[in-house]
Amino acid sequence: MDTTYLEITHRSFSRTDLLELRGRLDAMHAPELRQRIEALFEQGRTRIVLDLAGLEYVSSPGLRVLIEARKRARDRRLPDLEAGDLRLARLPVRIREVFDLTGFTNLFQIHDDVVDAIGSF
Amino acid sequence: MRDVLTTTAELDALATIGAFVRVGLEHAGFDERGNWQVQLAVDEAATNIIQHAYPAASPGAIEVIWWFDDTTFGVELRDTGKPFDPAAVPRPRIDAPLEERDGGGLGLYLIDQLMDTVTFAREAPGVNIVRMVRRRPAQAPAVRQFALHGRLDARHSAAALAAVRTALDDGARAVLLDLSDVSFISSSGLRDLIVLLRRVRAVGGELRLCALQPLVAEVFALTGFVQLFPIHPTAADGLRAFGGPTRAS
């Protein structure tokens with residue numbers, strides 16, 4: 001767990017955007033994720049799936065970005081009047097533990113599979 | 001054991017601090033999960049200092065100290081920035097719905113959840129200290145069990161015990177020798193066992209014997225070796241005895 005980076009890979013689908021996270025989502029790197037999500041919002045893209053399978057570490061600044069992003073996604077109305085959302089897929093066991101400790105498990109729609117998460121929109 | 005790291009209170013020090021504490025946790029015997037939990041608590045405390053104690057434009061120093069004794073592992077973070085009052089931080093409502101959550105207070109909440117005791121203190125002159133302590137995991141030694149075969153005499157005993165010596169060199173500290181298949185032991189065999197016993201004790205380990213055949217047991221009794229080695233009737237008895245008294249029965 002000596003990882004020092006956060007790597008974010010973006011894949012765009014017709015109705016949704018997938019961000020694959022690898023590495024550390026800590027105070028150092030949380031702003032990078034916020035900016036990537038912000039950039040999608042600015043393009044009117046508010047149906048977002050985060051694939052967390054490669055995430056090794058999350059601390060509270062990362063958790064805050066997730067809460068804020070989901071709230072903002074749901075606040076934004078698309079032209080077709082469907083609300084946006086931020087949904088999560090493939091939580092590693094340690095990340096799931098932090099979610100359970102902080103009550104985050106109930107705050108997000110969490111999928112075991114990326115395809116399911118994308119198809120849920 | 002104890003170690004100290006001093007670094008600048010900047011966000012890119014977080015990974016360094018985590019790696020530093022991890023070394024101590026590994027020495028203290030934490031498994032991957034416990035290690036990760038304590039690292040998260042330390043990371044939250046360090047993040048708090050980096051983001052709030054010093055002005056962003058002129059970060060000061062942060063000192064991280066870990067130590068452990070027989071029962072507890074402790075981490076202390078020291079800074080000389082603004083005082084911090086944990087009571088002023090609202091605790092998050094963990095069961096509230098999304099609309100009512102803002103993600104505040106999660107760092108302190110996680111520290112409380114992950115550590116056994118947490119104290120914040122300000123010591124003159126102007127030093128803030130957060131001290132976090134967690135119980136060490138129970139130290140059950142991993143027992144290496146060896147079954148010896150045939151005759152422990154001048155010809156065979158050194159070879160039979162070679163694997164045990166290799167295990168010691170590789171870090172084994174709890175060794176159980178199963179003699180149930182040993183039919184004979186000569187004075188050479190006894191001598192090799194004594195050499196092995198000294199070697200195990202020299203590295204702070206434990207050597208136990210079990211399941212001696214009647215003739216071998218008689219040799220141990222006649223030579224007084226029963227006074228030197230802890231001897232158990234079965235392997236299960238021997239395994240249970242590790243971590244307890246090491247005197248010969």
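Per chain, numbering begins at 1; letters A, B, ... match sequence-line order. The figures here come from the full heavy-atom set of this structure, side chains too, leaving out hydrogens, waters and symmetry mates. From a predicted model like this one, the values you see are computed outputs, not experimental measurements.
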Within the structure provided, determine whether [X] and [Y] are in side-chain contact (heavy-atom separation under 4.5 Å).
X     : Y     : result
A:M28 : B:E10 : no
B:W36 : A:V98 : yes
B:R33 : A:R94 : yes

State whether the number of non-hydrogen atoms from other residues, nucleotides or ligands found under 6.0 Å of [X] atom [atom1] is greater than 12.
X      : atom1 : value
A:R22  : CZ    : no
B:D169 : CG    : yes
B:R135 : CZ    : no
A:R11  : CZ    : no

- Item | Residue among B:L11, B:L14, B:T16 with most heavy-atom pairs under 4.5 Å to chain A | B:L11
- Item | Donor-acceptor contact below 3.5 Å, side chain B:Y109 vs main chain A:L101 |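 Judged by distance alone, yes, a pair lies under 3.5 Å.
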Part of [X] lying under 4.5 Å from any heavy atom of chain A:
X     : result
B:R93 : neither
B:D95 : neither
B:L40 : both
B:A46 : neither
B:I50 : neither

- Honestly, the part of A:D26 sitting under 4.5 Å from a heavy atom of chain B is side chain
- Message: Please classify the contact of A:V65 with chain B as side chain, backbone, both or neither, using a heavy-atom distance under 4.5 Å.
- Response: neither
- Message: For A:F104 and B:I94: C-alpha separation, side-chain torsions, deciding distance, then whether side-chain contact (heavy atoms from CB on, under 4.5 Å) applies.
- Response: CA-CA 8 Å; A:F104 267 50; B:I94 294 308; over 6 Å; no
[X] versus [Y], closest heavy-atom pair with distance:
X      : Y      : answer
A:E68  : B:D102 : OE2-O, 4.5 Å
B:E44  : A:P61  : OE1-CD, 4.3 Å
A:L107 : B:A96  : CD2-O, 3.6 Å
A:T4   : B:A15  : CG2-CB, 3.6 Å
B:Q51  : A:A27  : NE2-CB, 3.9 Å

Between [atom1] of [X] and [atom2] of [Y], what distance do you get to the nearest 0.5 Å?
X      : Y      : atom1 : atom2 : result
A:K71  : B:R101 : NZ    : CZ    : 9.5 Å
B:L106 : A:S59  : CG    : OG    : 10.0 Å
A:L63  : B:L110 : CG    : CG    : 7.0 Å

- Max heavy-atom pair count under 4.5 Å with chain B, selected residue of A:T102, A:N106, A:V93, A:V58: A:T102
- Check ion pair A:R74-B:E99 (N to O, under 4.0 angstrom): yes
